[in-house]
Asks: 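My questions will all concern the structure given below.
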Amino acid sequence: MKRLSIVRVAAIALFAFHSSLLSTYAQSAKSVLDKAAATITAPQGIKANFKMSTTTGSTSGSIAIKGKKFYATTPQATVWFDGKTQWTYMKNNDEVNVSIPTEAQLQAINPYNFIHLYKRGYKYTINTAGKDHVVHLQANSTERKIKELFITIDKKSYQPKQVKMLQGKKWTTFDISNIKKEKLADGQFRFNSKDFPKAEIIDLR
């Protein structure tokens, strides 16, 4: 009986230690994400350059962010999002699609949207790669459109350098550079039809 009790106590102690270790590990990953989020949530706004790569090709562009609002431009399209409504101007056919985007759709366009994702519905692990932290997020629910994310964060500045995400069976990678704070007007995040007088407006809301 004594031997059984000792084994049981040892097993409970080991389980408690393992659980504590996992909890500390998760907190460490969350702490890194919190610091990364803080670097890109300047009240006045930030600007950065990015390169987006998928299995079918790649494109480069720039993005301006203020809270949940963003304005992104590439050679193919320009996107405005004012926190609720999104306007996507396609340059090849002079067409603007107006929509209310989902969480997954926002992440597919805005590499920084992870700062609104990670606080709910994901579990974290963290690794080191040279001068960077690499945080791996996995969705807790199969209903999540974005199943996984790998976020590479500079150890010194805590600025995000790369966001890689899995949506369905497709991986998309954003490489981010030249992050800088800048005072941005709220009007920059809304489409102005006067600037595109010949564009066809398609309302998908």
Side-chain angles (χ1 to χ4, degrees), residues 37 40-118 120-121 139 141-151 160-205:
I40 53 175
T41 51
Q44 71 271 35
I46 66 158
K47 283 189 172 182
N49 296 328
F50 68 87
K51 179 181 178 182
M52 182 178 73
S53 305
T54 67
T55 53
T56 56
S58 64
T59 189
S60 297
S62 62
I63 188 165
I65 300 168
K66 188 177 181 181
K68 288 193 174 184
K69 306 179 183 74
F70 73 88
Y71 166 77
T73 182
T74 71
Q76 296 81 22
T78 303
V79 183
W80 299 259
F81 179 67
D82 67 358
K84 179 184 177 182
T85 305
Q86 178 176 297
W87 296 263
T88 304
Y89 173 67
M90 304 304 297
K91 297 179 182 180
N92 64 338
N93 57 7
D94 203 20
E95 178 181 291
V96 179
N97 291 320
V98 188
S99 63
I100 305 295
T102 65
E103 184 180 79
Q105 288 169 336
L106 286 173
Q107 183 62 52
I109 301 166
N110 177 6
Y112 291 119
N113 198 59
F114 78 85
I115 68 173
H116 307 297
L117 284 178
Y118 78 91
R120 63 189 191 281
S141 169
T142 55
E143 294 179 2
R144 285 273 180 176
K145 298 296 183 183
I146 298 175
K147 307 300 181 187
E148 294 183 63
L149 294 102
F150 288 91
I151 302 170
K161 295 169 69 175
Q162 186 185 82
V163 178
K164 183 178 180 181
M165 66 171 188
L166 177 64
Q167 189 171 355
K169 295 182 178 180
K170 178 184 174 184
W171 284 97
T172 300
T173 302
F174 289 94
D175 291 295
I176 306 159
S177 60
N178 299 325
I179 300 171
K180 58 182 179 180
K181 294 179 181 179
E182 190 166 319
K183 190 173 183 179
L184 304 171
D186 289 337
Q188 185 171 344
F189 306 101
R190 292 183 60 85
F191 171 76
N192 188 341
S193 59
K194 292 180 181 179
D195 296 332
F196 303 86
K198 295 181 180 180
E200 180 184 2
I201 311 295
I202 300 174
D203 198 329
L204 304 173
R205 290 172 291 183

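Computed over heavy atoms, backbone and side chain alike; hydrogens, waters and symmetry mates excluded.
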Asks: Name all residues meeting the side-chain hydrogen bond (donor to acceptor under 3.5 Å, both in side chains) criterion together with Ser60; count only those two or more places apart in sequence or in a different chain, and write none if there are none.
Replies: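 With neighbours one apart ignored, the set is empty.
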
Asks: Assess whether side chain to side chain contact (heavy atoms under 4.5 Å, CB included) is satisfied between Ile40 and Ile65, documenting all intermediate values.
Replies: CA-CA 8 Å; Ile40 53 175; Ile65 300 168; 6.0 Å; no

Asks: Rounded to the nearest 0.5 Å, what separates atom CG in Asp203 from atom CD1 in Ile100?
Replies: 8.5 Å

Asks: For Pro101 and Ser99, work out which heavy atoms get closest and say how close.
Replies: CD-O, 3.5 Å

Asks: Could you list the residues that satisfy ring pair (Phe, Tyr, Trp, His ring centres under 6.0 Å) with Tyr71, not counting sequence neighbours?
Replies: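 Result, ring pair (Phe, Tyr, Trp, His ring centres under 6.0 Å) vs Tyr71: Trp80.
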
Asks: Please report the interatomic distance CD1(Ile179) to NZ(Lys161), rounded to the nearest 0.5 Å.
Replies: 10.0 Å

Asks: Output all residues satisfying side chain to side chain contact (heavy atoms under 4.5 Å, CB included) with Arg120, sequence neighbours left out; order by chain, then residue number.
Replies: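 Only Glu103, Arg144 meet the side chain to side chain contact (heavy atoms under 4.5 Å, CB included) criterion with Arg120.
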
Asks: Taking salt bridge (Lys or Arg N to Asp or Glu O under 4.0 Å) as the definition, give me every residue that meets it alongside Lys147, ordered by chain and number, with sequence neighbours left out.
Replies: none

Asks: State which residues pass side-chain hydrogen bond (donor to acceptor under 3.5 Å, both in side chains) with Lys69; sequence neighbours excluded, sorted by chain then number.
Replies: none

Asks: Strictly by side chain to side chain donor-acceptor pair (under 3.5 Å), give each pair with a member in residues 88-97 just once, sequence neighbours left out.
Replies: Gln86-Thr88, Tyr89-Asp94

Asks: Would you find more than 12 non-hydrogen atoms of other residues, nucleotides or ligands less than 6.0 Å from Glu143 atom CD?
Replies: no

Asks: Can you list everything that forms a side-chain hydrogen bond (donor to acceptor under 3.5 Å, both in side chains) with Lys181? Sequence neighbours excluded, please.
Replies: none

Asks: For a quick test of your reading: what N or O donor-acceptor pairs under 3.5 Å do the side chains of residues 162-177 make, sequence neighbours left out?
Replies:
{"residue": "Gln162", "atom": "NE2", "partner": "Asp175", "partner atom": "OD1", "Å": "2.7"}

Asks: Yes or no on side chain to side chain contact (heavy atoms under 4.5 Å, CB included) for Gln76 and Thr59, after CA distance, side-chain angles and deciding distance?
Replies: CA-CA 8 Å; Gln76 296 81 22; Thr59 189; 2.7 Å; yes

Asks: What pairs with Ser58 under side chain to side chain contact (heavy atoms under 4.5 Å, CB included), at least two apart in sequence or on another chain?
Replies: Lys51, Ser53

Asks: My understanding is that only one of Phe81, Trp87, Phe50 makes a ring pair (Phe, Tyr, Trp, His ring centres under 6.0 Å) with Phe70; could you say which?
Replies: Phe81

Asks: Identify every side-chain donor-acceptor pair in residues 183-200 under 3.5 Å, counting partners at least two apart or on other chains, and give the distances.
Replies:
{"residue": "Asp186", "atom": "OD1", "partner": "Lys66", "partner atom": "NZ", "Å": "3.0"}
{"residue": "Arg190", "atom": "NH1", "partner": "Asp82", "partner atom": "OD2", "Å": "2.4"}
{"residue": "Asn192", "atom": "OD1", "partner": "Lys194", "partner atom": "N", "Å": "3.0"}

